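Here the structure comes first, spelled out in structure tokens, and everything after it is commentary.
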Amino acid sequence: LVWLKNANADSPKTWADAVVFCNDLESGSYGLADGSLAGDWRLPNVRELQSLLDYSNISPVLPSGHPFLNLQSNVYWTSTTFVGQELYAWGVNLGSGVVEFNHKTQSYPILAVRDGD
């Protein structure tokens with residue numbers, strides 16, 4: 001996976017706006033020079049975002065020397081809808097490592113991802 005280095009690009013957003021934002025990302029926007037096209041980027045699923053966590057650290061719960069800029073110690077949206085509750089989606093708090101579900105009308109930061117080359 002390739003992650004957008006700017007961990008607060010045009011954030012915060014509602015869940016629906018976060019999905020659109022990620023899908024619209026392309027080379028030339030937000031410092032991207034990777035040749036990506038609109039549709040290459042997406043909102044990560046809950047497992048992908050959790051894979052970044054390092055619980056030996058706190059605020060952020062990420063490995064030392066992580067590559068992200070403008071990181072917020074806050075919940076970040078994932079693309080994963082809460083089963084049986086279409087109005088809620090999972091988020092990962094990068095400050096505490098807590099995985100929680102939130103109403104999709106709430107606004108949180110975005111960490112976009114795309115498949116690697």
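Excluded from the calculations below are hydrogen atoms, water molecules and symmetry mates; all remaining heavy atoms, backbone and side chain alike, are included. The model shown is predicted, which means the values in this text are computed figures rather than measured ones.
- Summarising the geometry, atom CG belonging to D34 is positioned 7.5 Å from atom CG belonging to D40; distances are rounded to the nearest 0.5 Å.
- Y76 places none of its side-chain heavy atoms less than 4.5 Å from the side chain of Y108.
- Side chain to side chain, T105 and T14 fail the donor-acceptor criterion of an N or O pair below 3.5 Å.
- Under the 4.5 Å side-chain criterion, counting only non-hydrogen atoms from C-beta, K104 is not in contact with L87.
- Between W90 and F82, the ring planes are tilted. Angles from 30° to 60° get that label.
- S11 contributes no side-chain N or O that, together with a main-chain N or O of K13, makes up a donor-acceptor pair within less than 3.5 Å.
- Pairing each heavy atom of E26 with each of L32, the nearest pair is O-CD1, 3.6 Å.
- A 4.5 Å side-chain heavy-atom check between W77 and P109 finds every atom pair outside the cut-off.
- In the hydrophobic cluster analysis, where Ile, Leu, Val, Met, Phe, Trp and Tyr join through side-chain heavy atoms closer than 4.5 angstrom, W15 is grouped apart from V92.
- Ring centers of F21 and Y30: under 6.0 Å apart, within the cut-off.
- Nearest approach of A9 to L4, heavy atoms of both residues: CB-CD2, 4.0 Å.
- Smallest separation of non-hydrogen atoms from L71 and A7: CD1-CB, 3.6 Å.
- Nearest heavy atoms, Q72 versus N8: NE2-ND2, 3.4 Å.
- Follow the hydrophobic side-chain contacts under 4.5 Å out from L53 and you reach V46 in the same cluster.
- Shown here for F101 and Y88, the closest heavy-atom pair between the two residues is CD1-CD2, 3.7 Å.
- V19 and V83 fall into different hydrophobic clusters, where Ile, Leu, Val, Met, Phe, Trp and Tyr side chains are chained together by heavy-atom contacts under 4.5 Å.
- Connection of L52 to V99 is established within a shared hydrophobic cluster, with ILVMFWY side chains joined at heavy-atom distances below 4.5 Å, either directly or through further cluster members.
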Open item on the list: side chain to side chain contact (heavy atoms under 4.5 Å, CB included), that's the test. Do L25 and R114 meet it? Break it down for me.
Closed with: CA-CA 10 Å; L25 277 174; R114 69 174 175 83; over 6 Å; no
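- N23 contributes no side-chain N or O that, together with a main-chain N or O of V20, makes up a donor-acceptor pair within less than 3.5 Å.
- Residues I110 and L1 fall into different hydrophobic clusters, defined by Ile, Leu, Val, Met, Phe, Trp and Tyr side chains chained together at heavy-atom separations under 4.5 Å.
- With respect to L49, the side chain to side chain contact (heavy atoms under 4.5 Å, CB included) criterion is satisfied by exactly one of T80, T78, V113: T78.
- For the residue pair E100 / N102, a side-chain donor-acceptor distance below 3.5 Å is found, with atom types taken as modelled.
- Counting heavy atoms from C-beta outward, N57 and S64 have side chains that approach closer than 4.5 Å.
- Contact check on E48 versus R42 returns a salt bridge, with a Lys/Arg side-chain nitrogen under 4.0 Å from an Asp/Glu carboxylate oxygen.
- Here the closest non-hydrogen pair linking L43 and C22 is N-CB, 3.6 Å.
- Taking CH2 of W41 as the start and OG of S29 as the end, the distance is 9.0 Å to the nearest 0.5 Å.
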